[in-house]
2 protein chains.
Amino acid sequence: MDKETVIFSKALADETRQRILKLICCRWLAVNEIVAELNLTQPTISHHLALLREAGLVLIRQEGKFTYYTLNQAHLVSCCGRLLINFAPQSEISTLVQNHLDTSTSPKEP
Amino acid sequence: MDKETVIFSKALADETRQRILKLICCRWLAVNEIVAELNLTQPTISHHLALLREAGLVLIRQEGKFTYYTLNQAHLVSCCGRLLINFAPQSEISTLVQNHLDTSTSPKEP
DNA sequence: AGATTATATAGATTACCGTCTATTTGTCAA
DNA sequence: TTGACAAATAGACGGTAATCTATATAATCT
């Protein structure tokens, strides 16, 4: 059983977490900036960020008293790819993904 | 907010449901056949199948007193694609998926 | 050092979810 | 029509998870 895809799906299975991921998709945001965007308390946001961190879905950078988060796109791509390969092996897209994951994880040709 | 990706993720956010999807990935199985494979009661399996049905992840065919289920690969591909486009727009794979979804949902050229 | 701000953690509460047993509904065969 | 089997639904129960308030930890500023 592919446990990783279950962990991944659980991490995404909440509207608040998807809103957070959308916010930090292509940029680094500090926790208080995320709090300012969503209508929730700071501990709630920290809780969700901890879950996302455990799922490997965020990258973290500490800077002074600020902690910046951004979405780990590579891991998300890898997990979506595994879902496609596991559950849609007959789809054309799966072979595309398969090739992509192969070439993007192996070292470059000389 | 993309509600569909939340519904999709919730549907996958359980090990039992992923095991069911794996079983019915490329074939039609009756409920009692699924029950026989997993170590759970028939109502539990029916409950999960209902959730998967509401998420659009299964196709259903009635035949006499048997009800056959199979994984709806097209819908799974579409949802994974939306995850990638939403959350990994900078990834190479996203443009591949984008093109794939465009061409596979529009009518064929004459 | 003390005050202030940023974030994480602890603990409580409430709602939701996975599973079970019991029952209902629907289909077929005798 | 009755009996047997397939599947869905109802209701109960225990566990998990989302949110909050309160507090702890850590860094910065005066």
Side-chain angles (χ1 to χ4, degrees), chain A residues 1-24 27-72, chain B residues 1-24 27-72:
Chain A
M1 184 66 217
D2 193 343
K3 197 114 187 176
E4 177 111 44
T5 56
V6 178
I7 293 169
F8 171 69
S9 302
K10 279 185 200 283
L12 288 180
D14 181 81
E15 179 172 347
T16 297
R17 282 194 290 278
Q18 288 208 13
R19 292 176 69 197
I20 292 174
L21 290 177
K22 193 76 180 178
L23 279 174
I24 61 174
R27 55 179 172 168
W28 292 86
L29 280 190
V31 177
N32 60 353
E33 296 174 297
I34 301 172
V35 171
E37 294 285 337
L38 308 176
N39 214 13
L40 293 166
T41 64
Q42 173 267 315
T44 296
I45 301 299
S46 275
H47 167 72
H48 287 301
L49 288 171
L51 289 183
L52 293 172
R53 170 166 25 92
E54 285 156 27
L57 276 169
V58 291
L59 302 173
I60 303 178
R61 184 162 51 89
Q62 191 80 29
E63 217 163 279
K65 55 179 179 175
F66 294 93
T67 309
Y68 294 93
Y69 286 80
T70 195
L71 199 160
N72 184 347
Chain B
M1 184 67 218
D2 192 343
K3 196 114 188 177
E4 176 111 47
T5 57
V6 178
I7 293 168
F8 171 69
S9 302
K10 279 185 200 284
L12 288 180
D14 180 78
E15 178 172 348
T16 297
R17 283 194 291 277
Q18 288 208 13
R19 292 175 70 197
I20 292 175
L21 291 177
K22 192 77 180 178
L23 280 175
I24 62 173
R27 55 179 172 168
W28 292 86
L29 280 190
V31 177
N32 59 352
E33 296 175 297
I34 301 172
V35 170
E37 294 285 337
L38 308 175
N39 213 11
L40 292 166
T41 65
Q42 173 266 316
T44 297
I45 302 300
S46 274
H47 168 72
H48 287 301
L49 288 170
L51 290 182
L52 293 172
R53 169 166 26 93
E54 284 157 27
L57 276 168
V58 291
L59 302 173
I60 303 178
R61 183 162 53 88
Q62 191 80 28
E63 216 162 280
K65 54 180 179 176
F66 294 93
T67 310
Y68 294 93
Y69 285 80
T70 195
L71 199 161
N72 184 349

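Throughout, protein chains are lettered first and strands after them, A, B, ... in sequence-line order, and every chain is numbered starting at 1.
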May I ask you to decide if [Y]'s main-chain N or O and [X]'s side chain share a donor-acceptor pair within less than 3.5 Å?
| X | Y | value |
| --- | --- | --- |
| Arg19(A) | Asp14(A) | no |
| Arg17(B) | Ala11(B) | yes |
| Thr70(A) | Leu59(A) | no |

N or O in side chain of Asn32(B) less than 4.0 angstrom from dC5(D) OP1/OP2: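 The answer is no; no side-chain N or O of Asn32(B) sits under 4.0 Å from OP1 or OP2.
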Short side-chain N/O contact from Ser46(B) to OP1 or OP2 of dA8(D), under 4.0 Å: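 Yes, because at least one side-chain N or O of Ser46(B) sits under 4.0 Å from OP1 or OP2 of dA8(D).
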Sidechain N-carboxylate O distance under 4.0 Å for Glu63(A), Arg61(A):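 Salt bridge: yes.
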Start and end of the DNA chain C segment that chain B contacts, any atom under 4.0 Å from a heavy atom: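 Here the contact window of chain B covers dG18(C) to dC28(C).
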Minimum heavy-atom separation for [X] and [Y], please, with both atom names.
| X | Y | result |
| --- | --- | --- |
| Ala30(B) | Phe66(B) | CB-CD2, 4.1 Å |
| Trp28(B) | Ile60(B) | CZ3-C, 3.9 Å |
| Leu71(A) | Leu21(A) | CD1-O, 3.4 Å |

For atom [atom1] of [X] and atom [atom2] of [N], their distance in whole Å:
| X | N | atom1 | atom2 | answer |
| --- | --- | --- | --- | --- |
| Leu49(A) | dT19(D) | CG | C1' | 15 Å |
| Leu29(B) | dA7(D) | CG | P | 11 Å |
| Gln42(A) | dA22(D) | CD | P | 14 Å |

Arg53(A) CZ to Asn72(A) CG distance, which is reported to the nearest 0.5 Å: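 Going from CZ on Arg53(A) over to CG on Asn72(A), the span is 13.5 Å.
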So what does [X] hit on the nucleic acid, given a heavy-atom distance under 4.0 Å: a base, only sugar-phosphate, or nothing?
| X | value |
| --- | --- |
| Ala30(B) | sugar-phosphate |
| Leu51(B) | sugar-phosphate |
| Tyr69(A) | sugar-phosphate |
| Thr67(B) | sugar-phosphate |
| Ile45(B) | nothing |

Positive for side-chain contact (heavy atoms from CB on, under 4.5 Å) with Ile20(A), one of Leu51(A), Leu57(A), Leu38(A):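 When Leu51(A), Leu57(A), Leu38(A) are each tested with Ile20(A), the side-chain contact (heavy atoms from CB on, under 4.5 Å) holds only for Leu38(A).
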DNA chain C contacts among residues 3-24 of chain A, heavy-atom distance under 4.0 Å: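 Residues of residues 3-24 of chain A that come under 4.0 Å of DNA chain C do not exist, since none gets that close.
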Upstream residue (5' side of DNA chain C) when Pro43(B) and His47(B) are each assigned their closest nucleotide: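 Counting from the 5' end, the first nearest nucleotide belongs to His47(B).
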Given DNA chain D, 5'-ward residue of the pair Lys65(A) and Glu33(B), judged by closest heavy atom: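 In this pair, the answer is Glu33(B).
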